[in-house]
Protein chains: 2
Amino acid sequence: MAGIKDVAAAAGVSVATVSRVLNAHPSVSEDARSRVLAAVDELGYRPNAVARSLRTAQTRTLGLIISDVMNPYFTELARSVEEEARALGYSVIIGNADESPKLQDDHVRTLLDRRIDGLLVSPTDGGSPQLLDAARAGTPTVFVDRWIPGVDVPVVRADGSAAVRDLVAHLHGLGHRRLAIIAGPAATTTGSERVDAFRAALGAYGLELPEEYVGQGDFQAESGRRVTEAFLALPEPPEVVFAADNLMALGALDAIRARGLRIPGDIALAAFDDIPWFVHTDPPVTAIAQPTRELGRAAVRALTAVIEGRRARSVTLPARLVVRRSCGEPGAPPGTAPPARPDQSPTPRPRPRSNP
Amino acid sequence: MAGIKDVAAAAGVSVATVSRVLNAHPSVSEDARSRVLAAVDELGYRPNAVARSLRTAQTRTLGLIISDVMNPYFTELARSVEEEARALGYSVIIGNADESPKLQDDHVRTLLDRRIDGLLVSPTDGGSPQLLDAARAGTPTVFVDRWIPGVDVPVVRADGSAAVRDLVAHLHGLGHRRLAIIAGPAATTTGSERVDAFRAALGAYGLELPEEYVGQGDFQAESGRRVTEAFLALPEPPEVVFAADNLMALGALDAIRARGLRIPGDIALAAFDDIPWFVHTDPPVTAIAQPTRELGRAAVRALTAVIEGRRARSVTLPARLVVRRSCGEPGAPPGTAPPARPDQSPTPRPRPRSNP
DNA sequence: GGGTTCCGTGGAATCGATTACACGGAGGAT
DNA sequence: ATCCTCCGTGTAATCGATTCCACGGAACCC
């Protein structure tokens with residue numbers, strides 16, 4: 001493959017001049033520039049990014065570590081991260097930690113060896129050693145979705161508390177009083193925050209969240225099924241099951257169907273994380289939608305800011321409630337599922353965004 | 001960050017010796033080795049992969065270009081590719097072509113600039129210029145899932161024809177005679193092959209595949225919906241809709257529901273590509289499952305073989321039919337759907353699962 | 001007209017590793 | 001004892017770019 005020397009020779013200039021042309025350095029004569037460009041074109045020359053990286057000490061590569069690639073939420077996040085990064089001239093190496101701190105550390109190490117310019121992480125746990133080291137050692141790092149308290153790193157995430165309040169209001173308005181939640185791992189921020197928000201929202205309606213209505217899940221479908229089965233076996237089963245992520249909601253759906261119960265007739269179901277599939281289930285699932293695309297973009301922008309030495313602030317974007325049919329139908333159809341449906345209902349709570 | 005020179009200094013040896021220790025070169029004294037190792041440990045030294053790549057002309061990085069990351073099939077493929085690659089000491093840079101040849105070329109160019117060791121591609125079309133150039137120029141390349149006829153590159157894919165025959169047998173046994181297919185883009189091999197296999201299988205039962213029973217989709221959900229609506233508007237609508245990929249099946253599901261029809265009572269549905277979600281829909285969807293994990297692993301192994309100069313052969317793995325309930329319940333269930341579920345029901349439709 | 005400034009350019013150092021080659025010393029063969 | 005062969009090690013070249021510095025010549029200023 002042709003190198004910069006070949007181009008220099010072909011154009012009758014030095015390698016320095018070729019480099020200057022390629023990097024749009026001002027002091028190059030028009031004549032030299034055109035000869036270089038012609039040579040580049042003729043030889044089909046493409047600069048070697050590896051050599052460039054060695055010299056400039058930047059790879060224009062970002063590392064993205066997510067906890068579960070098979071989860072549609074993270075897939076979408078990864079997609080938007082890659083898109084935004086590409087727009088900014090960065091490539092992305094994705095590492096799938098599979099909810100394992102060990103694997104996560106493995107990925108951090110590899111990425112650091114490859115001298116990525118920055119690290120985007122949705123941490124699996126409270127702080128694996130490599131990750132903490134990297135962050136403290138000054139590797140540009142940004143947390144996305146989940147974060148680790150006490151680590152001074154910008155966080156890009158969605159705040160679901162308002163949406164959870166809207167959800168509880170919606171459920172309460174439908175007459176539901178016994179609400180249960182399938183929680184995520186307590187070691188993750190998203191795991192605990194969602195339970196807290198739910199409990200707080202219930203409190204505003206004078207409702208309790210008893211211990212037996214808090215099931216411990218692990219963000220995987222199977223745990224949703226298990227927890228839901230336990231709920232249904234209770235002497236007084238809940239009227240609503242709220243799953244703290246989409247996969248657990250799926251498990252819940254299965255468990256409910258396996259019991260021969262109908263949704264929302266016999267029991268209502270709602271989920272945190274909205275995904276395209278929830279439109280296609282029967283019934284469509286009411287969910288709290290995170291602005292996933294925007295999260296990905298904001299995360300990349302924050303990270304590149306840190307990389308370029310600008311100080312980046314944390315970003316918190318609001319999640320919003322998307323009412324479908326899995327919790328029951330109010331007097332006037334509230335849904336927002338399929339494409340263009342006029343949402344304005346004459347009844348109270350025209351758009352679920354306020355808090356009581 | 002500490003470099004190899006620092007290690008050499010700390011251990012009182014030359015950089016050559018340090019390098020030899022790190023690369024397990026035989027001729028290093030036990031004494032020197034231990035001193036180097038100690039120094040490495042103390043300084044927390046990690047070799048700079050960029051410098052190493054420049055010198056050795058290999059990056060131990062693979063490029064993976066897929067046509068749609070949001071499609072669960074490709075997500076799973078990407079996951080298994082990354083896993084196998086990691087096991088072999090490679091990192092993976094994923095590019096999402098989004099079914100656009102232009103974007104695909106863009107990714108090829110970037111990856112080549114980064115001097116990846118090999119390219120794994122599921123081509124979006126019949127041959128975008130950059131991709132063809134790369135393959136012909138000798139960049140180690142392997143096609144996965146889809147391929148480009150006439151290009152001499154190993155192909156790792158699943159053969160669905162036997163499974164399609166099984167499916168048609170299954171449908172025929174259930175009494176269905178009017179079978180329609182939602183096809184993928186003709187420019188992709190998977191798009192045309194599946195239609196061909198379907199037509200051939202029908203032929204074996206003396207059935208035709210009339211023109212109006214072949215809908216043109218694009219592997220996206222919306223096209224599945226559109227095509228299915230057209231099918232249902234036909235004077236004589238099909239009894240079965242077979243979608244050539246999972247997303248289009250989803251669209252079909254929607255269209256059928258929107259018409260108020262029941263599956264499989266009013267119309268049957270089957271899909272190519274099995275995904276976890278098909279277990280959770282109502283009813284669970286009969287599908288043709290590709291050995292996705294194995295495809296990913298085989299693709300990586302083939303690619304690394306080419307990289308290391310060994311000659312790699314193409315691999316074709318069989319897909320298999322997974323019978324669920326979206327086509328009707330046969331007298332004796334042939335299927336192999338969920339783990340260990342005694343599916344044999346004496347009476348039809350034992351559990352309340354239909355919708356009014 | 002002479003000195004200063006600026007511009008375009010090339011030579012060479014540099015990034016951090018790997019590795020060919022040379023070299024000194026130990027051990028074996030004769 | 002002499003020579004040859006290895007073995008362990010260090011010196012320096014190398015990979016392909018970027019960039020500091022120096023230099024020659026043109027333009028500009030009094």
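Keep in mind it's a predicted model, so treat the numbers as computed, not measured. Only heavy atoms go into these numbers, but all of them, side chains included; no hydrogens, no water, no symmetry mates. We name chains A, B, ... by the order of the sequence lines, and we start the count at 1 in each one.
Of the side-chain N and O atoms in A/S14, none sit less than 4.0 angstrom from OP1 or OP2 of C/dT9. Contact between the side-chain N/O atoms of A/S29 and the OP1/OP2 oxygens of C/dT9 is found at a separation under 4.0 Å. Using a 4.0 Å cut-off, some side-chain N or O of A/R52 falls inside it from OP1 or OP2 of D/dT18. Within the structure, a side-chain polar atom (N or O) of B/N23 is placed less than 4.0 Å from OP1 or OP2 of C/dT18. In this model, the phosphate group of D/dG10 is approached by a side-chain N or O of B/T17 to a distance below 4.0 Å at OP1 or OP2.
At least one donor-acceptor pair under 3.5 Å links the side chain of A/N71 to the backbone N or O of A/Y73.
Residue-to-nucleotide contacts include a donor-acceptor pair under 3.5 Å from the side chain of B/R20 to the base of D/dG10.
Taking a 6.0 Å sphere around CG of B/D31, one finds it holds more than 12 heavy atoms contributed by other residues, nucleotides or ligands. Sparse packing is recorded around CZ of A/R297, with 12 or fewer heavy atoms of other residues, nucleotides or ligands lying under 6.0 Å away. By the neighbour-count criterion of 12 heavy atoms within 6.0 Å, atom CD of B/E42 is sparsely surrounded, having that number or fewer from other residues, nucleotides or ligands.
Regarding A/R115, its CZ atom lies at a distance of 14 Å from the P atom of C/dC15, rounded to whole Å. Atom CD of A/Q58 is separated from atom C1' of C/dT14 by 16 Å (rounded to the nearest Å). Put simply, NE2 on A/H25 is 14 Å from P on D/dC21, counting in whole angstrom units. Atom NZ of A/K5 and atom P of C/dA12 are 13 Å apart (whole Å). Distance OH (A/Y45) to C1' (D/dG16): 7 Å, rounded to an integer number of Å. In this structure, A/N48 places its CG atom 7 Å from C1' of D/dA17, rounding to the nearest Å. When the P atom of C/dG16 is taken as reference, atom CZ of A/R114 falls 18 Å away, rounded to whole Å. At whole-Å resolution of the value, CE in A/M1 and C1' in D/dC15 are 14 Å apart.
Side chain of B/V28, nearest nucleotide from C/dA17, D/dT9, D/dT18: D/dT9. The side chain of B/A16 lies closest to D/dG10, out of C/dG8, C/dA12, D/dG10. Listed nucleotides D/dT9, C/dT18, C/dC15 differ in distance to B/T56; the shortest reach to its side chain belongs to C/dT18.
Counting non-hydrogen atoms under 4.0 angstrom, A/A49 reaches nothing in the nucleic acid. Heavy atoms of A/A57 sit nowhere under 4.0 angstrom from any nucleic acid atom. Residue-level contact check: B/S19 touches the bases, meaning some heavy atom is under 4.0 Å from a base atom. Among the protein residues, B/V50 comes within range of no part of the nucleic acid, since none of its heavy atoms lies under 4.0 Å from any strand.
Ion pair B/R33/B/E30 flagged as a salt bridge, since at least one NZ, NE, NH1 or NH2 atom sits closer than 4.0 Å to an Asp/Glu carboxylate oxygen.
Here the rule is side chain to side chain contact (heavy atoms under 4.5 Å, CB included) with B/V50, and of A/Q58, A/R115, A/R52 only A/R115 fits it.
Comparing B/L54 and B/G12 by the nucleotide of DNA chain D that holds the closest heavy atom to each, the one mapping nearer the 5' end is B/G12.
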